[in-house]
Amino acid sequence: MGDTFIRHIELLGYEKRFFPSQHYVYMFLVKWNDLSEKVVYRRFTEIYEFHKALKEMFPIESGDINIENRIIPHLPAPKWFDGQRSTENRQGTLAEYCYTLINLPHKISRCLHVVNFFKVRHDDMNPVTDSQIKKPEVFLLPKDSKKNPTDITGPIVLQTYRAIADYEKSSTSEMSLKAGDMVDVVEKSENGWWFCQLKNKRGWVPAAYLEPMDGPDESEEQEPNYAGEAYMVWKSYTAVEEDELTLKEGDTIEVIHKLLDGWWVIRKDETTGYYPAMYLQKAGEVNISVKNEQRNRSAPPRRSTIRNVKSIHKQGRKQISQETYRRNSKKYIQNQRNMRGNSQNKANVIVEKNEPEGNKSKAQPAVPPRPSKDLILNRCTESTRKKIL
C-alpha cells in the first residue's frame, strides 16, 4: 500500500463519443490526498473488470466465503449492448458504488488496485478524436435528480480552494474561515461573493480570501477590454481608497476589466477606478430579484485590503496598476477620436473633389462624318448603293 490514496470520487456524468465508433464513457472527479483533483474517463466494461478483480483480491469482504461478511458493494454486469438509456439509468448505482468504495477499510479503498485504476491516463488528458467526426456530447448528472441528466457543453466540477487569511462572517448567510481551510466552491458569483461548503457548513465567502491549489487565479479572469462595456449604477458608493470612484445611482459607466474579487475597473468619461460589481447592472437590463437580494449586502473586501495573508504560492497574482488602466484607457479613447477624425476628413475631401465635377457641363459626343460616295459604293451592300445612284 503506497502513500498515495484517493479521498473522494464523484461521478459527474457521462460522455457520448463517436470515435473510433459510438460508445459511452463515465466522467469521474477524483480528489487525491495531495489535494489535487483530476477528471478521468472510464467505460463501464472497464469498471466491471476492475470490480471483478477487486472481489478476487478480497474474497472475504466480497462475500465469496460467507455472504454475511460482504462489504464490497454490488455492481451489475454490463449488457450485451449498452445504449444511452442504460448508460443514463446506471448513473445512480455507479455514484453509490464509488461512494461506498472509498469509505471501505483502508486496506481496500487505498490498495494499489484502486489507486492505479483511477490514476490519470494519457487518453484522459488527450482523448482520441477525429476532426471529421462530431465532438463528444456531454451529459451531467444533476445534483437533485439521478434519472434526468441534462445535456451540457462540459462537466461542472466543484473546485477546491484554500483560505489565505482568517475571515469573520458579518451575516448569517456568510461562513467564517480560518487561514488554511479547504473549501469546495459551489457557485462563483461575479459580485465577488462565492458560495462554499466546508464539511457540513455552507455559506457565502469573499472570493478575495480564496486561492486555488495549483497557482494564482488570474488565469480565470478576463483580459482588460478598453473598448468598454456599457453599465449603469443602481446603487451609489462613496470611494474609500484613492483608486476607487464615487458614483451616484443612475450614472452610466463603461466596465473595462472584470476581476474575480468583485471590484471591477470602470471608466467614467476619461477617469478610471475600482467600483463594486454588485452595484452595477448592464445598460438596458433590469433585474429586480438580484437588486432585492443584494440591496442589504455590503460589497466584498478587496484583495489589497486583506492583512496577514498566508499564501502557499511563491508567485503572487499579477496585478495591473491603476496608472496602466488610465494610460491604456486614454490611449484607446484618443485612437477612437483620431479614427473618427480621419474618416470625417476623408469624407470632406471626397465631397470637395466631387463638387467641381458636378458643376461642369458634360461634353456632348462628336457626330461622326458622313461617309463619301466612293466609300459607300465600295463597302456597302447592293441595297445601300442603289439609294445614292
Side-chain angles (χ1 to χ4, degrees), residues 152-154 156 185 187-195 204 206-208 210 217-305 317-348:
I152 62 167
T153 56
I156 297 176
V185 178
E187 178 184 346
K188 294 181 178 180
S189 177
E190 281 190 335
N191 62 24
W193 290 98
W194 290 2
F195 194 73
W204 294 97
L210 302 175
D217 56 358
E218 69 269 6
S219 60
E220 293 188 46
E221 293 176 341
Q222 303 176 15
E223 291 294 321
N225 174 22
Y226 293 105
E229 191 175 353
Y231 273 75
M232 188 184 75
V233 177
W234 70 265
K235 187 174 181 179
S236 303
Y237 173 76
T238 302
V240 177
E241 304 291 334
E242 291 183 359
D243 54 2
E244 298 173 0
L245 292 184
T246 298
L247 295 175
K248 295 180 180 180
E249 183 178 344
D251 285 347
T252 55
I253 55 91
E254 294 171 305
V255 175
I256 62 176
H257 200 186
K258 297 179 178 180
L259 302 176
L260 289 177
D261 64 358
W263 285 82
W264 291 355
V265 182
I266 67 171
R267 180 172 61 219
K268 175 65 175 173
D269 299 326
E270 294 189 7
T271 306
T272 65
Y274 292 100
Y275 200 83
M278 63 188 304
Y279 298 160
L280 301 172
Q281 70 178 29
K282 274 193 175 182
E285 293 184 4
V286 178
N287 196 330
I288 299 176
S289 61
V290 173
K291 281 187 178 183
N292 293 335
E293 179 186 346
Q294 299 182 357
R295 189 171 295 278
N296 297 324
R297 297 181 63 185
S298 59
R302 289 176 55 187
R303 292 183 188 272
S304 58
T305 63
R317 302 178 77 260
K318 297 178 182 177
Q319 296 183 349
I320 301 177
S321 67
Q322 191 58 217
E323 179 56 35
T324 303
Y325 284 125
R326 292 193 183 101
R327 184 172 60 250
N328 288 336
S329 186
K330 288 181 179 178
K331 186 186 299 182
Y332 176 85
I333 293 174
Q334 189 59 46
N335 287 340
Q336 290 297 104
R337 288 176 178 170
N338 292 341
M339 290 176 63
R340 286 195 294 267
N342 291 338
S343 61
Q344 186 65 35
N345 292 336
K346 288 180 180 178
N348 293 338

Peer 1: For Glu223, which residues count as a salt bridge (charged side-chain N to carboxylate O under 4.0 Å, His left out) partner, sequence neighbours excluded?
Peer 2: none
Peer 1: Could you walk me through whether Asp243 and Arg302 pass the salt bridge (charged side-chain N to carboxylate O under 4.0 Å, His left out) test, one step at a time?
Peer 2: CA-CA 12 Å; Asp243 54 2; Arg302 289 176 55 187; 2.9 Å; yes
Peer 1: Are Tyr237 and Lys248 side-chain neighbours, meaning at least one heavy-atom pair lies under 4.5 Å?
Peer 2: no
Peer 1: Does Trp193 reach the side chain of Pro206, with side-chain heavy atoms less than 4.5 Å apart?
Peer 2: yes
Peer 1: With a 4.0 Å cut-off, would you call Lys282 and Glu229 a salt bridge?
Peer 2: yes
Peer 1: Enter the distance from Asp251:CG to Leu245:CG here, rounded to the nearest 0.5 Å.
Peer 2: 10.0 Å
Peer 1: Under the side chain to side chain donor-acceptor pair (under 3.5 Å) test, which residues partner Asp269, sequence neighbours left out?
Peer 2: none
Peer 1: Any donor and acceptor pair, going by atom type alone, linking the side chain of Trp264 with main-chain N or O of Leu280 inside 3.5 Å?
Peer 2: no
Peer 1: Which is it for Tyr325 and His257 under the side-chain contact (heavy atoms from CB on, under 4.5 Å) test, yes or no, and what are the steps along the way?
Peer 2: CA-CA 9 Å; Tyr325 284 125; His257 200 186; 2.6 Å; yes
Peer 1: Could you walk me through whether Ile253 and Arg267 pass the side-chain contact (heavy atoms from CB on, under 4.5 Å) check?
Peer 2: CA-CA 6 Å; Ile253 55 91; Arg267 180 172 61 219; over 6 Å; no
Peer 1: Name all residues meeting the side chain to side chain donor-acceptor pair (under 3.5 Å) criterion together with Thr324; count only those two or more places apart in sequence or in a different chain, and write none if there are none.
Peer 2: Ser321
Peer 1: About how many Å separate CG of Asp261 and CG of Leu210, when rounded to the nearest 0.5 Å?
Peer 2: 11.5 Å
Peer 1: Ring pair (Phe, Tyr, Trp, His ring centres under 6.0 Å) with Tyr274: which residues, sequence neighbours excluded?
Peer 2: none
Peer 1: How many angstroms lie between atom OH of Tyr275 and atom CD1 of Ile266, to the nearest 0.5 angstrom?
Peer 2: 7.0 Å
Peer 1: So do Pro224 and Ile320 actually touch side chain to side chain, heavy atoms under 4.5 Å?
Peer 2: yes
Peer 1: What distance do Trp194 atom CH2 and Ser189 atom OG have between them, rounded to the nearest 0.5 Å?
Peer 2: 10.5 Å
Peer 1: Give me the atom names and distance for the closest heavy-atom approach of Ala299 to Trp263.
Peer 2: CB-CZ2, 4.0 Å
Peer 1: Between Ser236 and Glu249, which heavy-atom pair has the shortest distance, and what is it?
Peer 2: OG-N, 2.8 Å
Peer 1: Write down the atom of Ala277, the atom of Glu190, and the distance for their closest heavy-atom approach.
Peer 2: CB-O, 3.9 Å
Peer 1: Does some side-chain heavy atom of Met278 sit less than 4.5 Å from a side-chain heavy atom of Pro300?
Peer 2: yes
Peer 1: Can you check whether Val240's main-chain N or O pairs, donor with acceptor, with Glu244's side chain at less than 3.5 Å?
Peer 2: yes
Peer 1: Which residues satisfy the side chain to side chain donor-acceptor pair (under 3.5 Å) test with Asn328, sequence neighbours excluded?
Peer 2: Tyr226
Peer 1: Determine whether more than 12 heavy atoms belonging to other residues, nucleotides or ligands lie under 6.0 Å from atom NZ of Lys258.
Peer 2: yes
Peer 1: Any donor and acceptor pair, going by atom type alone, linking the side chain of Thr252 with main-chain N or O of Met232 inside 3.5 Å?
Peer 2: no
Peer 1: Going by an N to O cut-off under 4.0 Å, is there a salt bridge joining Glu270 and Arg337?
Peer 2: yes
Peer 1: Mark yes or no for whether Thr238, through its side chain, and Thr246, through its backbone, hold a donor-acceptor pair below 3.5 Å.
Peer 2: no
Peer 1: Which value, rounded to the nearest 0.5 Å, describes the distance between Gln322 atom CD and Ser329 atom OG?
Peer 2: 9.5 Å
Peer 1: Test of understanding: with side chain to side chain donor-acceptor pair (under 3.5 Å), list the residues that count as partners of Glu241, not counting sequence neighbours.
Peer 2: none
Peer 1: Once you round to the nearest 0.5 Å, how far does NZ of Lys331 lie from CD1 of Ile333?
Peer 2: 13.0 Å
